[in-house]
Protein chains: 2
Amino acid sequence: MVRKPTSKETARKPNMREAILAAAEELFATNGFNAVSVRDIAQAAGANPGSVTYHFKTKDGLLLEIYRRHCGPMNLRRSELLAAARRVRDLHDRLEAIVRAYVVPAFTSGSDLAGGGARFTRLRAVMSAEGNEVARKIIAQTFDDTSHAFIDAIHDSLPHIPRTDIVWRSHFLLGALYYSLVTPDRVSRLSRGEADGGDPANAIEQLVQATVAAFQAPALDQAAPARRRAVASSKT
Amino acid sequence: MVRKPTSKETARKPNMREAILAAAEELFATNGFNAVSVRDIAQAAGANPGSVTYHFKTKDGLLLEIYRRHCGPMNLRRSELLAAARRVRDLHDRLEAIVRAYVVPAFTSGSDLAGGGARFTRLRAVMSAEGNEVARKIIAQTFDDTSHAFIDAIHDSLPHIPRTDIVWRSHFLLGALYYSLVTPDRVSRLSRGEADGGDPANAIEQLVQATVAAFQAPALDQAAPARRRAVASSKT
DNA sequence: ATGTGATTTGTACTATCGTACAAAAGATCA
DNA sequence: TGATCTTTTGTACGATAGTACAAATCACAT
């Protein structure tokens, strides 16, 4: 007995469910979790508030489903790009390729693309800032593997830099990445219109170039982090 | 007629007002604006909910007062440090001093210190992520001058780098700074306990060193940002 | 001591929150 | 067509939100 894919076991009318997910993603990403009500989401999706409860049971459940929808494909894409990057021979080129593999999927603009997309990355940034519990749990258990893989890859291409420094610098990378997606207008404002903070290609190039240089910075001596030669010499 | 400073025109009992401000700052910085209720703040400060209304009128007014309290002193401190940094002769040392002047006040741990402090910086990070309107307004009109001063100073010490690139990189710096204060535990986790993400001195050194290197990265050619030499060929 | 203005308390009001649930509507197949 | 299941709607409930306000309390000058 062959079941038709259109009827029972999947949703009969997936449009509304998808519309709610998209609306919630957009609203959460721009306003935070607590500032957005279920009614706001329903209205933005052209649905009834009760429909949200029907599909996702709770507001937390809705957020959880957004994460479930994106995490897998995004990590897969990153893994593919990372594997390709690791095959680059030249160490400097490899480093740049690795950084690019980390950054590019986060900036994908496609709405339903497997890359995850800028909107989902921005959502993660906002949830992380709000200390959202649901997000914190799913992030730690989903992204840490990927993060370790990237850190290891970077470490391989920069053997003389201690792992600790690489962790810090990749942390800075993620922070810069998040912030670029959260307030792109600030770049436009501070550059007096000369740069478009909202242009993904621009942001990616700037971020990759700056980050590669940051990774290549000399290692910090662990023992005495406070005493550094540079600033003490002439003034201060 | 000489008025005594202790009585009428100031608050008679500033303790409670200060306690409310401190509690609100702490709660907003860790949970976001909307997740924290006036009653939560009052309870944390050992005060009555009505007391918050009395001193600050509205919840927005409370947030506004927190910003008013910190912005002035923090920018003053940064200006002092920046002025000192600009007097450094060696260009590389000067760059490091400038970055340090930007970073250090943001990490100050003192509770009522003029530096502004890590808690206030974290608050700004969270408000920025939430797209808080009150914060957005006061930030744009208070911090942009300082940001421009730093950008100009960095530009002076790196004349061959276009201003646009410097804007981007200082944007990344702020993002990294924010993120380090928002989720310091992530550093500890990813480094498997080898680094303490919560240690301000450590974070400052790592951030300064990585950022100086990022600023010193070669300039991006504005015309063709997509085509870069590094990744296409085998060597640089 | 007492009056006076500044603060704190207690409480209440209205709005909105997340969620539940019964009824209506739509779809699918015998 | 009618039976049955899924989805959508409409509405309601209890909890909690921000804020207002009168009464109580406090600190201090006279």
Side-chain angles (χ1 to χ4, degrees), chain A residues 1-25 27-28 30-66 127 130 132-135, chain B residues 1-25 27-28 30-66 127 130 132-135:
Chain A
M1 200 227 277
V2 178
R3 313 188 207 158
K4 298 186 182 175
T6 47
S7 70
K8 288 191 182 170
E9 70 270 21
T10 65
R12 198 186 310 187
K13 227 185 173 183
N15 310 336
M16 190 51 83
R17 195 185 140 95
E18 293 302 316
I20 292 171
L21 276 170
E25 199 177 307
L27 287 171
F28 286 157
T30 49
N31 301 105
F33 184 76
N34 295 285
V36 177
S37 72
V38 174
R39 287 168 175 84
D40 290 338
I41 296 166
Q43 185 168 21
N48 191 283
S51 224
V52 178
T53 307
Y54 171 72
H55 284 290
F56 308 100
K57 202 65 190 173
T58 67
K59 197 182 170 190
D60 277 357
L62 176 53
L63 182 63
L64 201 70
E65 181 57 28
I66 293 174
M127 293 304 119
E130 283 189 319
N132 185 287
E133 265 306 297
V134 176
Chain B
M1 202 226 278
V2 179
R3 314 186 209 162
K4 298 188 181 174
T6 47
S7 70
K8 288 191 183 172
E9 71 268 20
T10 65
R12 198 188 308 185
K13 228 185 173 184
N15 311 336
M16 191 49 84
R17 195 184 140 97
E18 293 302 315
I20 292 171
L21 277 171
E25 198 178 309
L27 287 172
F28 285 156
T30 50
N31 301 105
F33 184 76
N34 294 286
V36 177
S37 72
V38 173
R39 287 168 175 82
D40 290 338
I41 297 166
Q43 185 168 23
N48 191 282
S51 223
V52 178
T53 307
Y54 171 73
H55 284 290
F56 308 100
K57 202 66 189 169
T58 68
K59 197 181 169 190
D60 276 356
L62 175 54
L63 182 63
L64 201 69
E65 181 56 29
I66 293 175
M127 293 303 119
E130 283 189 318
N132 185 286
E133 266 304 299
V134 176

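First the proteins, then the strands, lettered A, B, ... as listed; each starts at 1.
Straight-line distance from the CD1 atom of A:I20 to the P atom of C:dG18: 14 Å, rounded to whole Å. Taking atom CG on B:L27 and atom P on D:dA17, their separation rounds to 12 Å, with Å as the unit. Between the P atom of D:dG18 and the NZ atom of B:K59 lies a distance of 4 Å, rounded to the nearest Å. Across the protein-nucleic acid pair, A:Q43 atom CD and D:dT8 atom P stand 17 Å apart, rounded to whole Å. Between the NZ atom of B:K57 and the P atom of D:dT19 there is a distance of 10 Å, given to the nearest Å. The interatomic distance linking A:F56 (CZ) with C:dG18 (P) rounds to 15 Å, in whole Å. Atom CG of B:N34 is separated from atom P of C:dC17 by 11 Å (rounded to the nearest Å). Atom CG of A:D40 and atom C1' of C:dA15 are 14 Å apart (whole Å).
The distance from the CD1 atom of A:I41 to the OG atom of A:S51 is 12.5 Å, given to the nearest 0.5 Å. Taken from CG in B:N34 to NZ in B:K59, the straight-line distance is 5.5 Å, to the nearest 0.5 Å.
Between B:M16 and B:A45, the closest heavy-atom pair is SD-O, 4.0 Å. Nearest heavy atoms, A:E65 versus A:F56: CG-CE2, 3.8 Å.
Comparing atom distances between the A:S51 side chain and each of C:dT19, C:dT8, D:dT8 picks out D:dT8 as nearest.
Look at A:N48 and you'll find a side-chain N or O under 4.0 angstrom from OP1 or OP2 of D:dG10. Within the 4.0 Å cut-off from OP1 or OP2 of C:dT8, at least one side-chain nitrogen or oxygen of B:H55 is found. One finds no side-chain N or O of A:Y54 lying less than 4.0 angstrom from the OP1 or OP2 phosphate oxygen of D:dT8.
Position along DNA chain D of the nearest nucleotide to A:G50 versus A:R39 favours A:G50 as the more 5'-ward residue.
In terms of modelled atom types and a separation under 3.5 Å, the side chain of A:E130 and the main chain of A:F33 share a donor-acceptor contact.
If you check every strand for non-hydrogen atoms under 4.0 Å, B:S37 touches sugar and phosphate atoms only.
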